[in-house]
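Step one of this worksheet: look at the structure below.
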Amino acid sequence: MTTNGGFEPVFCTIIPPHVLDKVAQADDPVLAGPARRTLEHDAYQRTHRRLTTVLGAPAVAASLADEKPLRSIYDAEHRQSLPGTLVRSEGSDPGQDATVNRAYAGLGATFDLFLKVYGRNSINGEGLPLDATVHFDEDYGNAFWNGEQMVFGDGDGEIFLDFTLPIDVIGHELTHGVTQYTANLTYFGQPGALNESMSDVFGSLIKQYSLGQSADQADWLIGAGLLAPRVTGVALRSMKAPGTAYDDDVLGKDPQPATMDDYVRTGRDNGGVHINSGIPNHAFYLAATTLGGSAWEKAGQIWYDVLTGGELYAQASFADFARLTVAAARDRFNDGEELQAVLKAWEQVGVPTR
Ligand SMILES: [Zn+2]
């Protein structure tokens, strides 16, 4: 594992600002109000985070034989102060609050995938305690990793439901922590879209691993179950068919491309980090489903090797990343079907590997 002397955490929300912008323009104040408040909060956090100096990884030593998660769930009681009141700590029994219990389980499922499949002890590889706050703010329509902990809103119930509902959203946000401690991909343009894609890939794998699903059984959606019943859509993103997750009068249409032919050049959303992530997302989906079986074993291992291998630099382009996955496939699996599946996946989405 690489040690990051100078990483700069980014404020990563699961719902990007361009989506909330759209909802904030709704005629109905019941819909627009919570979206505006969520945007105001997130804008403040983005600025605030840039001014905050985050020191290196906490020195938490855990023996390799003794690896288990160290979870603490806090309740913000609908206020904005973090972390809030401690309501569940590691090893304690489930309580009455299903949101607290889902957050606890989601943190555990994330820890399990990284430890049991990839031998990684928590987010930083050194047993980082996992802290999460639920019931953040009033009607807050987002979830985020702030560089130090997870935060979940309850949603407004009109557009978004409780953000602890989809386990892949929890996995997505915590994977931003893994990226922060490893390749530390710059959160802008193509490296930013790779950063987003890493979170979708491992978020989906955490869901698949916890449900025991094969690549063929998985839904390959991000955030299924998060959209309220009135919304026309199935999820926030689709790795299987980017651009098809939702098409709604309030939320707008899923803007993700699946291939480089439809690459979106934009200054919004940090240069389209949540938009063009559809391209590497789809490449992962293609490689994983071509190989079949458990997606975390082959395609997931190759992607993990690149993320943590030390050669993926912070400004990497899609093509840089694609070349590294080809090299990683060869290193780990020789010239077998894995290499062919990876080459073909990138070819199908139009990203060169040489
Ligand atoms: Zn993200």
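As the structure is a computational prediction, the values presented were derived from the model and not from experiment. All heavy atoms count here, side chains included; hydrogens, waters and symmetry mates do not.
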- prompt: Can you find a heavy atom in the side chain of L205 that is under 4.5 Å from one in the side chain of Y118?
  reply: yes

message: Tell me if the CD atom of Q217 is crowded by more than 12 foreign heavy atoms within 6.0 Å.
response: yes

query: Just checking, any donor-acceptor pair under 3.5 angstrom between side chains of T164 and D162?
result: yes

Side-chain donor or acceptor of N270 paired with backbone N/O of F188 under 3.5 Å: no

- request: Indicate yes or no for a side-chain donor-acceptor contact from D131 to the backbone of Q149 under 3.5 Å, with no hydrogens or angles considered.
  value: no

message: Side chains of H135 and D97: any donor to acceptor distance under 3.5 Å?
response: yes

- prompt: Got a sec, which pairs hit ring pair (Phe, Tyr, Trp, His ring centres under 6.0 Å) with one end in residues 152-171, sequence neighbours left out?
  reply: F160-F163

message: Is any side-chain heavy atom of W296 closer than 4.5 Å to one of Q301?
response: no

task: Would you please name every residue forming a side-chain hydrogen bond (donor to acceptor under 3.5 Å, both in side chains) with W303, sequence neighbours left out?
output: none

query: Is the backbone N or O of A241 less than 3.5 Å from a side-chain atom of H282, with the two atoms forming a donor-acceptor pair by type?
result: no

statement: Hits for side-chain hydrogen bond (donor to acceptor under 3.5 Å, both in side chains) against D139, two or more places apart or cross-chain, chain-then-number order -> none

- request: Could you tell me whether the side chain of V342 reaches within less than 4.5 Å of the side chain of F333, counting heavy atoms only?
  value: no

- prompt: Heavy-atom distance under 4.5 Å between the side chains of M198 and T182, does that happen here?
  reply: no

- request: List in chain and number order the residues that pass salt bridge (Lys or Arg N to Asp or Glu O under 4.0 Å) with K298, two or more places apart in sequence or in another chain; answer none if no residue qualifies.
  value: E337, E338

task: Give a yes-or-no answer on whether the side chains of H172 and E196 include a donor-acceptor pair shorter than 3.5 Å.
output: yes

task: Scan side-chain atoms only and decide if D320 and S317 contain a donor-acceptor pair under the 3.5 Å cut-off.
output: yes

message: Quick check on K253: does its NZ atom have over 12 non-hydrogen neighbours (other residues, nucleotides or ligands) under 6.0 Å away?
response: yes

- prompt: Would you say the side-chain atoms of S197 pair up with the backbone N or O of A193, donor to acceptor, closer than 3.5 Å?
  reply: no

- prompt: Under a 4.0 Å N-O cut-off, is there an ion pair linking D219 with K207?
  reply: yes

task: Determine whether more than 12 heavy atoms belonging to other residues, nucleotides or ligands lie under 6.0 Å from atom CG of D28.
output: yes

- request: May I ask you to decide if Y263's main-chain N or O and N276's side chain share a donor-acceptor pair within less than 3.5 Å?
  value: no

- request: Could you list who else is in L165's hydrophobic cluster, with ILVMFWY side chains joined at under 4.5 Å, directly or through other members?
  value: L161

Note: D254-R237 ion pair, threshold 4.0 Å (strictly below): no

task: Answer yes or no: is there a side-chain heavy-atom contact under 4.5 Å between R88 and N101?
output: yes

message: Is the shortest side-chain heavy-atom distance between I15 and L226 below 4.5 Å?
response: yes

message: I'd like to know if the side chain of R120 reaches the main chain of I123, judged simply by a donor and an acceptor atom lying under 3.5 Å from each other, with no hydrogens or angles considered.
response: yes

- request: Apply salt bridge (Lys or Arg N to Asp or Glu O under 4.0 Å) to D21 and list each qualifying residue two or more places apart in sequence or on a separate chain.
  value: R268

- request: Taking atom types as modelled, find out whether Q208 and S294 have a side-chain donor-acceptor pair closer than 3.5 angstrom.
  value: no

- request: Spell out, as yes or no, whether a donor-acceptor pair under 3.5 Å connects the side chain of T133 to the backbone of Y74.
  value: no

message: Just checking E311: does its CD atom have more than 12 heavy atoms from other residues, nucleotides or ligands closer to it than 6.0 angstrom?
response: no

query: Going by heavy atoms in the side chains, are F284 and D200 under 4.5 Å from each other?
result: no

message: Between R37 and D137, does any NZ, NE, NH1 or NH2 come within less than 4.0 Å of an OD or OE carboxylate oxygen?
response: no

